[in-house]
Amino acid sequence: MAANIFEAEPIEGKKKRFLTAAFPYPNSPQHIGHARTYSVTDAYARYLRHLGYNVLFPMAFHVTGTPIIAMAQRIAEGDKSVIDVLMNIYGIPKEKLPELTDPKKLVMYFSQEVEQGMKEMGFSIDWRRKFYTFDPHFNKFIEWQFHKLKEAGLLVKGSHPVAWSLKLNSAMGSHDTKGDVDPEIEEVVAIKFPYKDGFLLATTYRPETLFGLTNMWINPEGKYLKIRDKESGEIYYISKGTLDNFSAQRDVDVLEELDGNAIIEGGQCKNPANGEEVPIFPATFVDVESGTGVVMSVPAHAPFDYVALRDLGKEGLAKKIINVPGYDIPAKDIVEKMHITNQQDPKLEQATKRVYKDENMKGKMLVWKEGMPVKEAKEAVKEWLINDGKALRYYIIANGPVYSRAGDKIVVKLVKDQWFITYGNKEWKEKAYQCLEGMKTIPPEIKQELKNTVDWLDRKACTRSRGLGTKFPFDEGQMIESLSDSTIYPAFYTISHLIKDFSPEELTVEFFDYVLLGKGEPINDKHAVLRKSFDYWYPVDSRHSGPDLIRNHLTFYIMNHVAIFPREKWPRQIVINGFVLMDGKKMSKSLGNILPLRKAIKEHGADIIRFSVVSGSDLLQDTNFNRPLVEGIKQRLAFFDDMLKKSSGNGDSFADKWIRESVKAKLSTLRDEIERLDLREISKKWFYDFYYELKWYNDVKNGKIELDDVFDKWLIVLEPLLPFFVADKKGENAVFEPLPEADTYDEATIAAMGVVRDLYSDIANLQRMVEQKSGKKPSNIKIIVPAAWKYRLFERLKAEKGNLKAVYTDESLAQHKEEIMRITKALKNKLYSIPSLPTRDLFEKALEESKAVLATLGSVSVISEEECQHEKAKASLPLKPAVVLE
RNA sequence: GCAGGGGUCGCCAAGCCUGGUCAACGGCGCUGGACUUAAGAUCCAGUCCCGAGUGGGUUCGUGGGUUCAAAUCCCACCCCCUGCACCA
């Protein structure tokens with residue numbers, strides 16, 4: 001396909017459509033799943049061109065952030081699984097690998113691979129506009145975005161907990177960890193229990209149970225530390241194994257190392273909630289690697305504590321402070337019910353979960369604020385303790401231990417001077433709701449999901465300590481995080497090919513203010529052209545992506561647009577498509593079922609891949625790619641090809657008219673289907689259904705194909721789905737031919753042939769049944785054309801929606817009352833929904849013309865009900881003509 | 001916990017918004033046939049139950065309800081899946 005026919009520029013007075021699909025992240029080659037979003041967008045772009053729009057469809061590469069760096073590192077380290085995928089699945093030669101250890105070279109290599117694949121797929125992209133998010137021009141654009149956010153007061157600085165490797169001195173995402181585990185950060189509360197010269201520090205998920213405290217637990221065999229918080233000067237006792245995590249959040253000096261036993265023997269400590277003295281007991285279940293290695297004991301509400309205390313013979317201490325319907329003393333009840341005998345019993349985990357859940361759902365406080373639901377008390381106690389200086393806010397890795405690829409245990413670091421975008425801002429959200437209100441989503445149900453996401457969106461960290469991309473303009477040591485630099489980037493497409501005429505230094509805030517907001521004056525003519533280009537193409541008319549981006553990227557996309565641009569530049573439409581499955585399973589390297597896109601194209605051809613990923617299922621559903629599907633498409637395509645080649649001229653037999661009317665019927669709903677982007681429906685009607693219609697037509701006409709005009713229209717309709725096939729038949733200019741106009745069509749003609757087709761399969765079925773039972777196949781077929789008055793009857797029934805009284809006002813029918821009673825009784829409630837019928841005349845024509853096909857079943861004769869004596873004749877109906885077999 | 005999605009004839013999966021043409025599209029699997037030396041591929045037919053006549057019966061997670069009519073609308077219940085961020 002010629003490279004430049006999809007280069008789009010503003011055309012005065014021509015309506016435009018600007019489509020974008022989420023840009024790819026080239027940290028590996030693309031597989032067939034990546035092709036779906038672009039295939040859908042491309043089909044849409046092509047339909048819009050057929051509808052007369054000036055269409056812009058660009059693409060670029062997203063290279064921001066750390067995964068590309070991580071990928072290069074893995075290759076450098078010789079990571080087996082990564083190299084296996086690259087070499088064995090994507091067929092990358094071994095010699096190439098050393099080059100890919102350089103992130104930038106890796107980006108160039110994979111992005112070229114991706115680009116090549118997209119070109120082979122025939123996507124109608126304006127390639128001049130391609131860019132990378134680490135390009136200096138783009139960096140300037142992103143800087144502008146952040147200036148705008150700051151001006152609007154939407155950037156703030158604060159501290160923020162992140163997963164962190166001390167060894168690598170770097171933040172950890174899931175791709176940085178061993179086994180690709182996503183480290184989950186959880187906020188807990190670390191309560192300060194006055195002890196000797198300082199505090200025993202114990203973490204808990206359940207601060208509200210503090211009032212039921214009976215003692216503390218220390219692991220007698222564990223190592224503990226006495227430390228001093230540099231900021232407050234306070235002294236804490238925690239386990240040695242948790243120091244790394246603690247010191248990543250607070251500056252401390254280590255003063256002394258102690259054995260667990262020494263702590264236990266050191267005396268009592270106090271409950272900060274009420275000043276009560278409580279003892280310290282030894283317990284082996286205490287994990288010195290998690291939390292702070294110190295545990296508070298609430299035996300009435302924690303099964304572990306209850307069992308450990310029972311082992312010491314002190315279970316009588318248990319103090320009930322929460323009332324839960326169905327329990328007396330919850331921990332005691334459940335331990336006894338589950339027959340838990342000692343601290344090592346694995347059932348204790350289960351018991352803890354149950355108690356936790358029941359208390360959280362149904363529990364009410366008996367002390368402190370009596371009657372308060374546990375759910376509220378938990379938060380209230382926590383805030384009270386922290387605000388009163390009785391506890392610390394503390395973060396832990398909830399799914400720990402998680403290890404970095406360097407092998408050290410990941411901790412939670414409290415990063416100071418962290419910048420945030422304040423998505424929690426109420427007025428901002430209000431604008432986002434307004435944008436959603438005026439926006440169309442396909443499918444419609446995703447709008448609610450976008451709304452929900454806007455609802456719970458809060459502040460988001462927008463900088464990171466490392467990664468590719470754009471430097472944060474207000475702190476050059478930080479990089480802008482990757483979801484934050486891909487929000488308003490579609491705006492950059494409108495100018496990306498023109499902006500190269502300027503040097504990055506020229507791209508000041510004022511420069512973009514003029515181009516993107518129309519503020520100020522142009523510095524020169526070229527500058528003015530940029531403004532015009534943006535103003536012509538923006539806003540984005542349709543944004544396409546996968547369902548995984550709804551809760552993050554797409555919501556940020558909306559938020560940033562409404563924050564920065566005036567209302568008329570806000571997004572107009574969002575389209576979501578599902579993933580591609582391989583033989584019903586998700587593609588994954590562990591299953592080894594990844595089909596690289598370029599390999600698939602080589603094997604089956606681009607049209608087949610395009611068609612299989614867009615036609616197979618509803619837009620939002622995952623679609624299944626497998627061999628039978630591909631074979632089915634290929635086989636049908638070959639049949640169409642054959643028909644097209646055979647066709648010559650335009651016939652005017654009944655069958656020709658029938659196909660023509662049927663195509664018109666399909667056309668009548670096509671524009672609506674395009675509007676809904678219901679490519680599945682379009683494929684079904686124009687490819688699968690049409691296939692069977694053509695086959696029947698071919699049989700009826702005995703191979704004489706005269707459908708030039710029909711095929712001409714058909715090819716245009718299929719062009720967006722099968723561009724190569726169509727270009728081959730009609731030339732490349734088919735891309736810009738207008739979509740055939742919708743027209744009225746004749747339902748009766750379609751129905752007439754429908755009745756004959758049904759009749760054919762009914763007769764075949766009957767013959768089979770008779771043959772099975774009697775061993776003889778009846779080959780004399782008498783088709784009885786229903787009496788004229790029956791057609792009249794059905795017409796009236798249809799018009800009157802089954803109201804018989806109205807039908808009887810017709811005198812010509814009233815005389816058949818008795819028979820009508822019998823017919824309608826058999827039809828029962830189908831009376832209310834008579835489908836469109838042929839006239840008797842049309843039916844006879846269809847029958848006459850299809851005789852040759854029917855004759856393949858036996859010797860056929862046609863006789864009208866009026867002149868037939870056979871008793872079966874009475875049963876003949878317009879939609880089910882009677883048949884006599886002998 | 002909060003939010004969203006879903007349970008359809010062996011499997012996958014349409015239909016449900018807009019009730020009737022729905023025994024319910026399509027594909028896989030299975031059965032039979034054609035083709036072939038044979039296998040594969042392909043093509044044709046069948047695939048809930050009953051039936052020597054285009055028909056009848058019972059089905060769409062479970063139980064109710066609305067309606068002339070419910071897979072489709074309403075209510076209740078049971079079960080399953082996904083997301084919860086600072087990461088692309």
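Letters go in sequence order (proteins before strands), and every chain restarts at 1.
A/Ser662 and A/Glu693 share a side-chain donor-acceptor pair at under 3.5 Å.
Atom-to-atom, CD of A/Glu865 to C1' of B/U54 comes out at 15 Å; the value is rounded to the nearest Å. Atom-to-atom, CD1 of A/Ile763 to P of B/G55 comes out at 13 Å; the value is rounded to the nearest Å. The nearest whole Å value for the distance from the CH2 atom in A/Trp686 to the C1' atom in B/G26 is 20 Å. If you take CZ of A/Arg459 and P of B/C86, they are 13 Å apart, rounded to a whole angstrom. If you take CG of A/Asn626 and P of B/C28, they are 8 Å apart, rounded to a whole angstrom. In this structure, the CD atom of A/Gln635 is 19 Å from the P atom of B/C35, given to the nearest Å. Following rounding to the nearest Å, A/Asp642 (CG) and B/C43 (C1') show an atom-to-atom distance of 14 Å. In this structure, CG of A/Asp689 is placed 13 Å from P of B/C25, rounded to the nearest angstrom.
The residue A/Arg464 sits close only to the backbone: its heavy atoms come under 4.0 Å of sugar-phosphate atoms, none of a base. Residue-level contact check: A/Ser484 touches neither bases nor backbone, having no heavy atom under 4.0 Å from any strand. In this structure, A/His553 reaches neither bases nor backbone, as no heavy-atom distance under 4.0 Å exists between it and the strands shown. At a threshold of 4.0 angstrom between heavy atoms, the contacts of A/Leu885 include nucleobase atoms, whether or not backbone atoms are also involved. Contacts of A/Pro881 with the nucleic acid, taken as non-hydrogen atoms under 4.0 Å apart, include base atoms. A/Leu483 comes within contact range of at least one nucleobase, with a heavy-atom separation under 4.0 Å. Looking at heavy-atom distances under 4.0 Å, A/Ala764 makes no contact with the nucleic acid at all. Using a 4.0 Å heavy-atom distance criterion, A/Asn452 is classed as a sugar-phosphate-only contact. At a threshold of 4.0 angstrom between heavy atoms, the contacts of A/Gln621 are confined to the sugar-phosphate backbone, with no base atom among them.
For A/Glu673 and A/Lys684, the salt-bridge test fails: no basic side-chain N is under 4.0 Å from an acidic carboxylate O. For A/Arg206 and A/Glu359, the salt-bridge test passes: some basic side-chain N is under 4.0 Å from an acidic carboxylate O.
Atom NZ of A/Lys634 is surrounded by more than 12 heavy atoms from other residues, nucleotides or ligands within 6.0 Å.
Nucleotides B/A41 and B/C35 are separated by 11 Å at their C1' atoms, to the nearest Å. Look at the C1' atom in both B/C60 and B/G10: the space between them is 16 Å, to the nearest Å. B/A34 sits 32 Å from B/C22 when the C1' atoms are compared, rounded to a whole Å. Between B/C25 and B/U31, the two C1' atoms lie 22 Å apart (nearest whole Å).
A/Thr64 has no side-chain polar atom (N or O) that falls below the 4.0 Å cut-off from OP1 or OP2 of B/A88. When the side-chain nitrogen and oxygen atoms of A/Asn765 are compared with OP1 and OP2 of B/G55, none of them lie within a distance under 4.0 Å. Neither OP1 nor OP2 of B/C86 sits under 4.0 Å from any side-chain N or O of A/Gln418. Contact between the side-chain N/O atoms of A/Arg551 and the OP1/OP2 oxygens of B/A88 is not found at any separation under 4.0 Å.
Relative ring orientation between A/Trp696 and A/Tyr760 is described as perpendicular, the plane-to-plane angle rising above 60° on a 0-90° scale split at 30° and 60°.
Under the ring pair (Phe, Tyr, Trp, His ring centres under 6.0 Å) rule, A/Phe23 has a single partner from A/Phe61, A/Tyr489, A/Tyr38, which is A/Tyr489. For the ring pair (Phe, Tyr, Trp, His ring centres under 6.0 Å) test with A/Phe640, the passing option among A/Phe611, A/Tyr688, A/Phe687 is A/Phe687; the others fail.
Nucleotide B/C17 forms a pair with no other nucleotide shown, judged by Watson-Crick or G-U wobble geometry with both contacts under 3.5 Å.
Between A/Gln448 and A/Lys695, the one whose closest nucleotide on RNA chain B sits nearer the 5' end is A/Gln448.
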